[in-house]
Amino acid sequence: DAGITQSPRHKVTETGTPVTLRCHQTENHRYMYWYRQDPGHGLRLIHYSYGVKDTDKGEVSDGYSVSRSKTEDFLLTLESATSSQTSVYFCAIRGFDEQFFGPGTRLTVL
Amino acid sequence: TQLLEQSPQFLSIQEGENLTVYCNSSSVFSSLQWYRQEPGEGPVLLVTVVTGGEVKKLKRLTFQFGDARKDSSLHITAAQTGDTGLYLCAGELGTSGSRLTFGEGTQLTVNP
């Protein structure tokens, strides 16, 4: 158990509403990541963080923003959710030579 | 275009058969990792390979990193129903700042 939790685990929302997903770690790791997983695409990086208030974009960052005000928390925000953002979202932290993943959040945008 | 091409995308075999999953790219990776994912859970690391030509074994699973560090394979001998799952390869580029690029995944089903 790498000490990563995600909340909520499931969420259904409507198009145009803001949504915030939370990732919490107890391991004090510097690097944290947000991915989305869709059939036929594997895992795609949305944003990542390399320290408090230090973040950078991944390959599919449009429509998403992140914040990291504390080492242990990494928030992913969809400012105005769209149906194309229906997906399973995974948070991960970087250990010595691997990434540890949270249990995922299944988000449905109607 | 996917940076890492994984094949096959789906594989359904009988228990006891052997199988190989491939992960190919035109890019050179500083390391390559294989993960396994169960339904409703996050991926879990199986192995990391870092040296060109490296071969690692994990019980019935054999992982190989290509000599040029552009490709990798996962071979499973005498598959068991417990091997069923989604297998993902992920490569770290030398200048990526600890970022991983994932393949599309191979959904393996081992039937009894």
Side-chain angles (χ1 to χ4, degrees), chain A residues 1-10 21 23-25 27 29-51 54-61 66 68 74 87-107, chain B residues 1-10 21-25 27 29-51 54 56 58 63 65 72 74 85-108:
Chain A
D1 184 1
I4 309 170
T5 56
Q6 292 184 232
S7 59
R9 292 293 314 278
H10 300 272
L21 308 183
C23 177
H24 179 79
Q25 62 148 329
E27 304 293 319
H29 286 283
R30 178 183 172 196
Y31 283 89
M32 298 184 75
Y33 308 83
W34 276 108
Y35 293 90
R36 60 178 290 174
Q37 186 173 35
D38 305 288
H41 290 280
L43 287 156
R44 292 182 291 176
L45 182 65
I46 305 171
H47 283 279
Y48 69 105
S49 170
Y50 46 95
D54 291 324
T55 64
D56 205 351
K57 296 179 180 180
E59 58 184 304
V60 289
S61 59
V66 290
R68 190 164 178 205
F74 192 30
S87 186
V88 180
Y89 292 85
F90 286 98
C91 174
I93 60 175
R94 181 179 173 88
F96 176 66
D97 66 349
E98 67 178 285
Q99 291 189 11
F100 297 96
F101 288 82
T105 294
R106 182 172 294 276
L107 176 67
Chain B
T1 303
Q2 200 86 9
L3 187 61
L4 268 172
E5 299 285 342
Q6 204 172 325
S7 62
Q9 192 171 356
F10 298 95
V21 177
Y22 298 94
C23 185
N24 296 298
S25 177
S27 300
F29 294 99
S30 57
S31 68
L32 196 135
Q33 301 176 350
W34 285 91
Y35 290 80
R36 179 165 170 255
Q37 185 177 17
E38 302 274 6
E41 299 179 5
V44 176
L45 181 73
L46 294 173
V47 77
T48 300
V49 286
V50 297
T51 305
E54 183 175 3
K56 281 193 174 180
L58 188 65
F63 304 86
F65 202 12
S72 181
L74 158 61
L86 180 68
Y87 290 81
L88 295 155
C89 64
E92 181 170 1
L93 294 168
T95 58
S96 66
S98 296
R99 295 167 51 172
L100 290 177
T101 297
F102 282 81
E104 309 98 318
T106 295
Q107 181 61 53
L108 172 65

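Numbers restart at 1 for each chain; the letters A, B, ... are given by sequence-line order, proteins then strands.
- Taking CZ from Arg44(A) and OG1 from Thr101(B), the interatomic distance works out to 12.5 Å, rounded to the nearest 0.5 Å.
- A donor-acceptor pair under 3.5 Å is formed between the side chain of Tyr35(B) and the backbone N or O of Gln99(A).
- Counted within 6.0 Å of OH on Tyr22(B), heavy atoms from surrounding residues, nucleotides or ligands total 12 or fewer; the atom is thus considered open.
- In this structure, Glu98(A) and Val47(B) have side chains that are not in contact, with every pair of non-hydrogen atoms separated by 4.5 Å or more.
- In this structure, Leu43(A) and Phe102(B) approach most closely via the heavy-atom pair O-CB, 3.5 Å.
- Using a 4.5 Å heavy-atom threshold, the side chains of Leu100(B) and Tyr35(A) count as touching.
- Neither the backbone nor the side chain of Arg106(A) comes within less than 4.5 Å of any heavy atom of chain B.
- No other option in Gln107(B), Gln37(B), Glu41(B) has as many heavy-atom pairs under 4.5 Å with chain A as Gln37(B).
- The 12-atom threshold is exceeded at NZ of Lys56(B), counting heavy atoms of other residues, nucleotides or ligands nearer than 6.0 Å.
- Between Arg94(A) and Glu92(B) there is a salt bridge, since a side-chain N of the basic residue sits under 4.0 Å from a carboxylate O of the acidic one.
- Ranked by heavy-atom pairs under 4.5 Å with chain B, the first of Pro103(A), Ala92(A), Gly102(A) is Pro103(A).
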